[in-house]
Amino acid sequence: MNAQVFYGPGDLRFEERPIPEPGPGEIVVRIEAALTCGTDVKVLRRGHPVMIPYVPTVFGHELAGTVARVGHGVDGWTEGDRVVAANSAPCGACRACRMGRENLCEDLLFVNGAYGEFIALPPRLVATNVVRLSASLPARRAAFAEPLACALGGVERGRVEKGMTVGVIGHGPLGCLLALVAAQRGARVLLIGKPGWRLDHVRALGIAECLAATGGPDPVAKLRQATGGVGVDVAVDATGRPEVWEQAMAAVGRGGTVVFFGGCAPGTSVAVDTRRAHYEELTLVGAFHHTPALVRQAVSLLESGSVVPDGLVTHTMGLGEVGAALGLMAEGRALKVLIEPSRV
Ligand SMILES: [Zn+2]
Ligand SMILES: [Zn+2]
């Protein structure tokens with residue numbers, strides 16, 4: 001089969017690899033749709049010892065497809081089943097897992113290999129994070145389950161409810177998914193992004209009130225302005241930049257919640273206004289990754305059509321063009337690129 005193989009930072013190779021055989025407890029999925037992700041761009045640039053501990057490894061982590069082979073001892077799956085697989089599997093036994101916070105699992109198993117024609121899913125993933133799809137849900141939409149589950153996690157952490165005003169700073173794919181989910185819950189959503197074609201594209205999709213902001217204090221001013229000066233009920237950073245974390249804290253109103261959704265570079269820190277945090281009872285929460293329950297919730301939102309993320313796909317390419325696709329992502333010229341292995 002053809003696959004895009006990660007050899008280390010900056011080293012992605014398009015290669016011929018053997019089609020994986022399913023080991024005991026494994027299933028092999030024929031991939032029909034994979035999606036590029038901002039994380040891919042980061043990982044390709046600097047590597048990721050947790051997500052990709054061993055190289056070479058087939059790259060990519062957002063995928064949907066059809067079961068092609070079933071390994072010994074697998075119950076409940078047969079050839080031809082349509083599935084989506086998350087990119088990690090919790091252990092189910094550690095303290096975090098027992099508390100239902102599997103996203104914080106001390107032994108989270110990450111799975112890569114969306115940019116290939118086939119992938120073997122390990123037993124733990126098969127047991128926890130592979131979800132069946134109905135015949136009517138196209139693979140290209142189902143492949144959103146993983147990032148959508150992350151966005152759902154962020155919105156849950158922010159305890160977003162109907163009638164609230166939610167400010168999302170950052171209009172990348174995850175900022176957009178966060179906005180979609182918050183809107184689906186009945187919130188008024190203000191999405192802040194840099195002016196340019198990407199913001200215009202998102203505005204045209206109609207997923208939120210899009211506000212163009214340049215750097216510095218502008219996002220805070222825009223969010224305050226749009227809420228009559230009181231600030232938003234929930235402010236979400238979807239950029240992973242410490243200065244934006246601070247903007248999110250400045251933009252939230254009394255009693256509000258700030259969700260630190262974007263992961264910042266190691267070693268960075270932010271300043272918290274202690275007066276506001278105390279007297280205005282701000283809630284400051286991190287949000288990371290997803291749980292098996294969130295992945296299932298994401299699939300049902302996609303199945304029911306409550307969340308339709310199709311418009312976030314700005315390009316469709318074949319497996320051989322993943323490098324070019326990630327280049328477009330890095331330059332901010334694509335939101336999400338759909339990779340179809342069947343495309344020549
Ligand atoms: Zn992703
Ligand atoms: Zn665990």
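Remember, it's 1-based here, ligands and their atoms both numbered in the order they're listed. One-based numbering along the sequence shown.
Distance check: M1 CE to L319 CG gives 9.0 Å after rounding to the nearest 0.5 Å. Here the CD atom belonging to E243 is positioned 9.0 Å from the CG atom belonging to D237, to the nearest 0.5 angstrom.
Protein N/O/S atoms found under 2.8 Å from the Zn ion (ligand 2), listed by chain and residue number: C91 SG, C94 SG, C97 SG, C105 SG.
V244 and I192 end up in the same hydrophobic cluster when Ile, Leu, Val, Met, Phe, Trp and Tyr side chains are linked at under 4.5 Å.
Here R185 pairs with E156 in a salt bridge; the nearest charged N to carboxylate O distance falls below 4.0 Å. Salt-bridge annotation for R188 and E209: present, with a side-chain N of the basic residue lying under 4.0 Å from a carboxylate O of the acidic one. Classification of K336 and E62 as a salt-bridged pair holds, one side-chain N sitting under 4.0 Å from a carboxylate O. Between R275 and E280 there is a salt bridge, since a side-chain N of the basic residue sits under 4.0 Å from a carboxylate O of the acidic one.
Seen from the Zn ion (ligand 1), atom NE2 on H61 and atom SG on C37 lie at an angle near 100° (rounded to 10 degrees).
With 2.8 Å as the limit, E62 counts as an N, O or S neighbour of the Zn ion (ligand 1). At a threshold of 2.8 Å, the Zn ion (ligand 1) has no backbone or side-chain N, O or S atom of C150 nearer than that distance.
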